[in-house]
Amino acid sequence: MLLGTVLVLLLAGAAPASAHAALRSTDPDDGSLVRQAPRHVTLTFTESVGLLDDSFRVFGPDQRRVHTGEATHADGRSDTARVGLPGKLAEGTYTVAWRVVSADSHPVSGAFSFSVGKRSATTGQIDTGPAEDPLTRGLYDAARYLAYLAAALLVGTVAFALLCRPAHTAPLRRPLVAAWWTLLGSTAVLLLLRAPYEAGTGPAAAFDASALGRTLTGRPGLALLARLLVLLLTAAFLIWLSRRRDSVKRSVALAIGTVLAAALALTWAAAEHASAGIQVPVAMTSSVVHLLATGVWLGGLVALLLTLRRPSGDDLVEVVPRFSRIAFASVTVLAVTGLYQSWRGLGSLSALSGTSYGRLLLAKLAGVAVLLLVAGYSRRWTARIAAPAPAPARAVVPAPAAPARAVVPAPVPQPVGAPADGHEAAEGPGTGEPGTSGEGESPGEPESPDGPAGPGAGSGDPGIRRRLRRSVLVEVAVAAVVLMITTVLTGTLPSRAQAEAAQQAPVGALPPTTEITVPFDTGTDSVTGSGKVLVTLDPARVGENGLQAVVYGSDRGLVAVPEVRITFTLPSREVGPIDAELADRGGYWSTNSVNLPLAGEWTMKTTVRVSDVDQVSVERRVRVEP
């Protein structure tokens, strides 16, 4: 019931999509020239997105910000974002910078441009929104790591106590309480930092009431609230279990604990990579199972380490083999779910080395391989502890009046050939006849007079326990590193999504712009006699291009010159010269119709005339993409 409630709470309105939103289309189109000013700017994404207070920033031809309305979803569709524009817009080129939150809780941003009436020069730096604040990001990532670590310790400790059934659970109480409080505190920090993390602002914005209110209505905020609710229910369950430990059936406790653990894992799965992309239901199920197996194994290692530190360990012969079997099952589950999640995130084998996500995944796999090697070493000492101890020696004497021989335990081993109560000596080595029991068993078999063998041969050996403790400690250390890599991995753009976003980039991204600085010197002493020309070629691709040229004098100020002429030649194909036919725009020279028909290394010749008789020509190489 609890699991279903959390699932409904977190997945309300969810739709299949690609992890990390990619811009599908813009209205007006990117780079378009419209006759009349649009009333709205609308973006359409590949998945549902969350909107921020500052999701849109629109800049006019003068690079000043244009007043806009509140960002909304167009026609109620969660995969769109729309903002209203003023009724009258001046002619020229407008830049739209946007920032939204994708369905998997990661903020994404970008920019595009459109022109009204005519195109204008846009030499200023495009503002794509506030840069990511490093302090906010660092605190947020640290809280995420602590949350993962605490969840693994909480789930693993409880699972160890219920499944391995150690005789003394007192050593597990302190880490259990610490894990619960750490998870509670880190979740609260994540909830507060969510708004500045999304907006890219400093940590001080965490205390903005309106921003916090917006967080509590979004999917990541709802997931964190659900986590707090599950933690409170977990605390009530643990208190109830500790007070009624003797009277509670283990099956009931396991059922309740499993539901709570699954609900806790679901708060991660419903707000991260698994909640968006292909095969969302399968991915979320796999993520929940993966997180539970991680907790049972890694958290159980800490619980085992604390159990091994107890002075008395008579129950280790039962506890250690039980955990060994549980750990093996957990590793099997991790391998299956991890393979599926890797395929889903990568998309192709080449992404393993060609993307940040793939390289992080390789680092995680290397850490897991080291972890498995150490675990294999630990299993050697586990087998020594679980090995049955030799049984006390027994003397077997034949009964004189019965055809069958009776088995008589010897309280003290007798020397070979010595009489025992007037009967023959106990059979054994040196008697010339193998000793047998009433069951036909050899006395060398590990069976005690009262039935099964006693504690394992190594359960009371301090040396074996010490070696096992050391190997488990190494496992815990390596596991902490693997968990840290996992935390970074969950915040990294998956390779499959990166490939999808790259395919969408020509639609939603600004055209590439090439800037060329051309210094000139006519040999005169005037301010205009020397300086530089800043040439901007947009988009520097085959076909029609825009070109702007701004002239700076020797004093680094803008200067007006009688003429600026730019021509293009492609020597390798004997094409050109093509005259850009620049027009004086009153402070700069520009054109929107330079047609460069072929890709390659073009020679751009810039001629600057500063007087009727003084001019200079300078050549520069320009790369034109297909």
Side-chain angles (χ1 to χ4, degrees), residues 1-7 148-180 183-184 226-270 284-308 310 315-337 382 386 472 479:
M1 185 65 179
L2 173 64
L3 190 62
T5 303
V6 174
L7 184 63
Y148 274 117
L149 199 62
L153 183 57
L154 181 64
V155 172
T157 304
V158 176
F160 183 87
L162 293 177
L163 296 174
C164 298
R165 304 189 298 278
H168 303 281
T169 58
L172 306 180
R173 293 177 184 174
R174 183 173 295 179
L176 189 64
V177 173
W180 188 90
L183 185 53
L184 182 70
R227 190 178 303 168
L228 292 175
L229 172 62
V230 175
L231 279 175
L232 293 177
L233 294 176
T234 301
F237 165 69
L238 293 176
I239 293 173
W240 171 76
L241 189 63
S242 63
R243 292 179 178 177
R244 303 186 57 184
R245 182 176 58 183
D246 297 335
S247 59
V248 174
K249 291 184 178 180
R250 191 168 63 92
S251 58
V252 175
L254 277 174
I256 298 175
T258 301
V259 171
L260 289 172
L264 190 63
L266 187 59
T267 63
W268 271 277
M284 289 190 60
T285 303
S286 173
S287 180
V288 169
V289 175
H290 191 85
L291 288 170
L292 291 179
T294 301
V296 170
W297 183 24
L298 303 187
L301 283 174
V302 177
L304 177 62
L305 183 63
L306 295 173
T307 302
L308 290 171
R310 287 193 291 110
D315 60 336
L316 291 181
V317 68
E318 298 177 353
V319 172
V320 173
R322 285 173 187 160
F323 178 74
S324 181
R325 291 190 294 269
I326 293 170
F328 180 80
S330 299
V331 170
T332 303
V333 172
L334 287 172
V336 174
T337 56
T382 298
V472 172

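Quick caveat, the model's predicted, so the values are computed rather than measured.
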Exercise. Quick one: closest heavy-atom pair of P175 and L153, and the distance?
Key: O-CD2, 3.7 Å
Quiz prompt | Flag, side chain of W180 to backbone of L231, donor-acceptor distance under 3.5 Å | solution = yes
Quiz item: Which atom pair, heavy atoms only, marks the closest approach of C164 to V319?
Solution: O-CG2, 3.7 Å
Self-check item: Heavy-atom closest contact (L183 atom, W268 atom, distance)
Solution: CD1-CH2, 3.9 Å
Quiz item: Are side-chain heavy atoms of T294 and V155 found at a separation under 4.5 Å?
Solution: no
Quiz item: Going from CG on L306 to CG on L301, what distance comes out if it is rounded to the nearest 0.5 angstrom?
Solution: 11.0 Å
Quiz item: Among L260, L176, T258, T234, which residue meets the side-chain contact (heavy atoms from CB on, under 4.5 Å) test with V158?
Solution: L176
Quiz item: With side chains defined as the heavy atoms from C-beta onward, is the minimum distance between L291 and S287 less than 4.5 Å?
Solution: yes
Quiz item: Which value, rounded to the nearest 0.5 Å, describes the distance between L298 atom CG and L334 atom CG?
Solution: 7.5 Å
Quiz prompt | L264 side chain reached by R227 side chain, heavy atoms, under 4.5 Å | solution = yes
Quiz item: Of all heavy-atom pairs between P166 and A161, which one has the smallest distance, and what is that distance?
Solution: CD-O, 3.8 Å
Self-check item: Student check: side-chain heavy atoms of T307 and F160 closer than 4.5 Å
Solution: yes
Exercise. Could you give me the CA-CA distance, side-chain angles and deciding distance for L254 and L163, then say whether side chain to side chain contact (heavy atoms under 4.5 Å, CB included) is met?
Key: CA-CA 8 Å; L254 277 174; L163 296 174; 3.6 Å; yes
Practice problem: Check W297 against A327 and note the closest heavy-atom contact, atom names and distance. | Solution: CD1-CB, 3.9 Å
Quiz item: What is the distance from atom OG1 of T157 to atom CG of L172, rounded to the nearest 0.5 Å?
Solution: 6.5 Å
Practice problem: Looking only at non-hydrogen atoms, find the nearest pair between M284 and L266 and report the distance. | Solution: CE-CD1, 3.7 Å
